[in-house]
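Some notes on the structure that comes next.
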Amino acid sequence: MAQLKVLISGAGIAGNALAFWLLKLGHSVTVVERFPALRTSGLQVDLRGYGIQVLKLMGLEQAFRSKSAPEQGLQVVDKSGRRWAYFPANKSGKGLQSFTTDWEIMRGDLCQLLHDATGNRAKYMFDTSIASFSQTEKAVHVQFADGTNDQFDLLVGADGLGSRTRKMMIHNDDPGAVDGFTPLGKSYAAYFTIPRPIRNGEGYVATFYTATKTRFIMTRRHSPQRIQVYLMCNSESEKLQKAHRQDVKVEKEVFSEIFQDAGWQAKEILTALQTSDDFYCERMALVKMDSWSRGRVALVGDAAYCPSANTGMGTTSAFVGAYILAGEIGRHCGTSGHDHSAARDNITAALEEYDRKLRPFMDQVTKGIDGDSALYKFMPTGPIGITMLNAFMGLMALLRLNVLGEWVLKEDVKDWTLPKYKELLGDQVDN
Ligand SMILES: Cc1cc2nc3c(=O)[nH]c(=O)nc-3n(C[C@H](O)[C@H](O)[C@H](O)COP(=O)(O)OP(=O)(O)OC[C@H]3O[C@@H](n4cnc5c(N)ncnc54)[C@H](O)[C@@H]3O)c2cc1C
Ligand SMILES: *[C@@H]1O[C@H](CO)[C@@H](O)[C@H](O)[C@H]1NC(C)=O
Ligand SMILES: *[C@@H]1O[C@H](CO)[C@@H](O)[C@H](O)[C@H]1NC(C)=O
């Protein structure tokens with residue numbers, strides 16, 4: 001059996017999904033995760049379009065449903081809390097989904113269920129990471145931070161937006177090359193949860209509030225005890241740029257400063273922010289690369305093509321990408337019965353084909369999103385503009401127009417279709 005020895009860096013969504021498929025092909029899979037355990041933090045994520053189809057092909061629909069988040073829809077409110085618009089989830093399974101999908105889940109639950117689906121058949125190395133690697137024509141030699149080393153037929157970086165594998169891959173090749181991390185303007189987002197017991201008759205709704213000066217607050221309820229808070233701003237704050245990724249305490253301070261006069265529930269939220277223990281702040285960004293692999297090293301998920309949270313397509317892209325990467329490996333390197341060295345020589349061909357198949361999908365997802373953050377350019381910053389925006393959203397909701405799903409989020413990938421791999425799916429291909 002031409003079993004490939006594969007190393008995946010990152011046990012997140014993309015890493016676990018890829019491990020699932022490669023195990024199905026019968027390959028030997030090691031996953032290295034920097035965190036001491038499966039990293040199950042993060043707020044609510046969803047699946048759209050082909051992401052749902054891949055989940056079903058994995059046979060995980062039931063597992064997903066049993067853990068899904070109960071959000072019913074999104075309301076738009078003004079500073080007095082008055083509702084201007086309500087966009088319910090469209091559970092018909094037809095057309096583009098609304099902001100709230102039929103496939104909502106907490107990131108940690110999704111990560112855990114994917115991990116469970118690998119059934120302990122992969123070797124997980126927690127609490128360490130790749131220190132460096134080099135490749136020859138026949139193998140990738142990896143040095144781990146814990147001092148051990150090993151060699152693999154294939155290395156895949158699934159280590160997220162700030163991927164170290166990506167940086168090493170690019171710089172091994174050309175020390176002067178620039179990383180594909182592309183910030184979207186100066187937008188930042190902070191995520192955390194706060195306690196807020198559900199009131200009698202209150203539903204599970206997301207609430208979106210636009211404050212002046214390009215500041216946004218969204219809350220989402222996922223549990224009877226707690227809600228999630230999303231603070232988004234387009235900030236010139238130098239302090240924030242400096243504080244980012246250095247110190248959570250300073251990040252919290254800067255967000256408190258920026259949002260203190262934002263109105264609506266800002267005061268209450270900022271008080272709860274002080275004691276939150278799951279605060280997480282990120283600079284909104286895309287990852288753009290001309291090629292997602294070099295030789296026997298490839299990238300998958302956010303590490304390769306993070307489409308930014310604005311598109312609503314990060315998790316879906318990770319699902320679709322992991323499936324296609326595994327599918328091309330199955331197709332080019334065989335599942336069993338082939339001569340080992342020939343299968344290994346086919347890895348580069350598989351990686352190139354993965355890029356060729358997936359790229360038109362990602363091009364659609366990120367179309368119109370660039371370093372200037374197209375979305376923010378259209379957002380009003382003053383009170384009159386905000387009232388007009390709220391009224392416009394109200395009209396759209398009244399007319400039942402799916403304005404967020406159609407115009408803002410990027411679920412629609414036009415005529416791109418999901419490839420079917422008999423190596424992964426067996427008999428499922430025919431139906
Ligand atoms: C802690 C966290 C919270 C998130 N919260 C949200 C959210 O609230 N909403 C949302 O839409 N998206 C969130 N995301 C991003 C979302 O998971 C991704 O956009 C999407 O699901 C694609 O997943 P991914 O597997 O490519 O990347 P990720 O889910 O980011 O997974 C990357 C994994 O790689 C690990 N890793 C990082 N660096 C290294 C390294 N050097 N060596 C080994 N392992 C490494 C990380 O610990 C993580 O487990 C979050 C991601 C993380 C890591
Ligand atoms: C859901 O979407 C479909 C397809 O776009 C549409 O026909 C249907 O009316 C929508 N349902 C609701 C409740 O908006
Ligand atoms: C390598 O790829 C070629 C072309 O896709 C295919 O004909 C050949 O069978 C593959 N070799 C193995 C060992 O899978």
Side-chain angles (χ1 to χ4, degrees), residues 4-22 27 29-34 39 51 54 111 114 122 129-135 139-142 144 152-175 177-183 282 285-308 311 313-330 332-333 347-363 365-366:
L4 298 172
K5 194 173 158 195
V6 184
L7 176 65
I8 298 171
S9 173
I13 306 304
N16 282 299
L18 180 66
F20 172 93
W21 288 117
L22 292 178
H27 298 307
V29 180
T30 303
V31 185
V32 55
E33 164 63 49
R34 184 175 58 178
R39 200 172 175 193
V54 171
C111 194
L114 289 170
S129 56
I130 299 174
S132 66
F133 64 82
S134 60
Q135 52 176 321
V140 189
H141 302 268
V142 177
F144 293 99
F152 299 88
D153 297 314
L154 168 66
L155 163 62
V156 184
D159 39 9
L161 182 57
S163 173
R164 290 250 313 157
T165 311
R166 179 180 71 232
K167 289 170 192 147
M168 289 189 272
M169 183 184 95
I170 297 173
H171 293 144
N172 276 355
D173 219 39
D174 170 6
V178 288
D179 185 35
F181 184 93
T182 312
E282 70 173 0
L286 290 175
V287 173
K288 285 195 210 174
M289 300 184 78
D290 294 334
S291 167
W292 296 323
S293 67
R294 304 275 194 283
R296 299 172 168 278
V297 181
L299 304 170
V300 67
D302 278 2
Y305 31 74
C306 174
S308 88
T311 62
M313 290 292 278
T315 304
T316 289
S317 300
F319 264 65
V320 172
Y323 166 80
I324 293 183
L325 176 53
E328 293 301 332
I329 288 168
H332 286 84
C333 307
I347 285 180
T348 38
L351 300 185
E352 281 161 17
E353 198 52 26
Y354 154 63
D355 198 312
R356 214 181 60 80
K357 291 248 167 64
L358 184 64
R359 196 162 287 272
F361 174 91
M362 289 314 306
D363 285 348
V365 169
T366 55

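With Val297 as the fixed residue, the side chain to side chain contact (heavy atoms under 4.5 Å, CB included) test singles out one of Trp292, Phe133, Phe152: Phe133.
Here the CG-SG distance, from Asn16 to Cys111, works out to 5.0 Å after rounding to the nearest 0.5 Å. To the nearest 0.5 Å, atom CG of residue Leu161 and atom OG of residue Ser308 are 9.5 Å apart. Going from atom OG of Ser9 over to atom CZ of Arg34 covers 8.5 Å, rounded to the nearest 0.5 Å. Going from atom CG of Leu325 over to atom CG of Asp355 covers 10.5 Å, rounded to the nearest 0.5 Å. Distance OG/Ser317 to CZ/Phe361: 4.5 Å, rounded to 0.5 Å.
Remark: side-chain polar atoms of Asp153 are paired, donor with acceptor, to backbone N or O of Lys5 under 3.5 angstrom. A donor-acceptor distance shorter than 3.5 angstrom exists from the side chain of Gln135 to the backbone of Arg296, with no hydrogens or angles considered. Judged by distance alone, the side chain of Thr366 and the main-chain N or O of Met362 form a donor-acceptor pair under 3.5 Å. Checked by atom type and distance alone, the side chain of Thr316 never pairs as donor or acceptor with a backbone atom of Met313 at under 3.5 Å.
Inter-residue side-chain proximity for Leu18 and Val156 is flagged as met; some heavy-atom pair is nearer than 4.5 Å. Using a 4.5 Å heavy-atom threshold, the side chains of Val140 and Leu7 count as separate. Under the 4.5 Å side-chain criterion, counting only non-hydrogen atoms from C-beta, Ile329 is not in contact with Ile347. Between Val29 and Trp21, the closest side-chain pair of non-hydrogen atoms is not below 4.5 Å. Residues Ile130 and Met168 meet the side-chain proximity criterion, which asks for heavy atoms closer than 4.5 Å.
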Go through it in stages, so that I can follow the logic: the residues are Thr182 and Val287, the test is side chain to side chain contact (heavy atoms under 4.5 Å, CB included), and I'd like the CA-CA distance, side-chain angles, deciding distance and then a yes or no.
CA-CA 6 Å; Thr182 312; Val287 173; over 6 Å; no

Take Leu4 and Leu154 through the side chain to side chain contact (heavy atoms under 4.5 Å, CB included) test and state the conclusion after the steps.
CA-CA 8 Å; Leu4 298 172; Leu154 168 66; 5.5 Å; no

Verify side chain to side chain contact (heavy atoms under 4.5 Å, CB included) between Met289 and Met169, making sure each step is shown before the conclusion.
CA-CA 12 Å; Met289 300 184 78; Met169 183 184 95; 4.0 Å; yes

CA sep, side-chain torsions, deciding dist, call: Leu358, Val320, side chain to side chain contact (heavy atoms under 4.5 Å, CB included):
CA-CA 8 Å; Leu358 184 64; Val320 172; 3.8 Å; yes

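Nearest heavy atom pair, residue Ser293 against residue Ser291, reads O-OG, 2.9 Å. Taking each heavy atom of Gly10 and Val31 in turn, the nearest pair found is O-CG1, 3.8 Å. The shortest non-hydrogen separation linking Ser129 to Val32 is CA-CG2, 3.7 Å. For the pair Thr348 and Gly295, the tightest heavy-atom approach, listed with the atom from each and the gap, is CG2-O, 3.2 Å. Annotation for Pro360 and Arg356: closest pair CD-O, 3.3 Å, computed over non-hydrogen atoms.
Other residues, nucleotides and ligands contribute at most 12 non-hydrogen atoms within 6.0 Å of the CG atom of Asp290.
Applying the salt bridge (charged side-chain N to carboxylate O under 4.0 Å, His left out) definition to pairs two or more places apart or across chains, none involves residues 7-20.
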Show me the side-chain donor-acceptor pairs of residues 298-306 shorter than 3.5 Å, one per line, residues at least two apart or across chains.
{"residue": "Tyr305", "atom": "OH", "partner": "Gly301", "partner atom": "N", "Å": "3.3"}
{"residue": "Tyr305", "atom": "OH", "partner": "Tyr354", "partner atom": "OH", "Å": "2.9"}

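Applying the side chain to side chain donor-acceptor pair (under 3.5 Å) test to Asp173 and every residue at least two apart in sequence or in another chain returns Arg294. Partners of Phe20 according to the ring pair (Phe, Tyr, Trp, His ring centres under 6.0 Å) rule, which considers only residues two or more places apart in sequence or in another chain, do not exist here. Remark: Asp179 engages Arg166 in a salt bridge (charged side-chain N to carboxylate O under 4.0 Å, His left out) (not counting sequence neighbours). In this structure, the salt bridge (charged side-chain N to carboxylate O under 4.0 Å, His left out) partners of Glu328, at least two apart in sequence or on a different chain, are Lys357.
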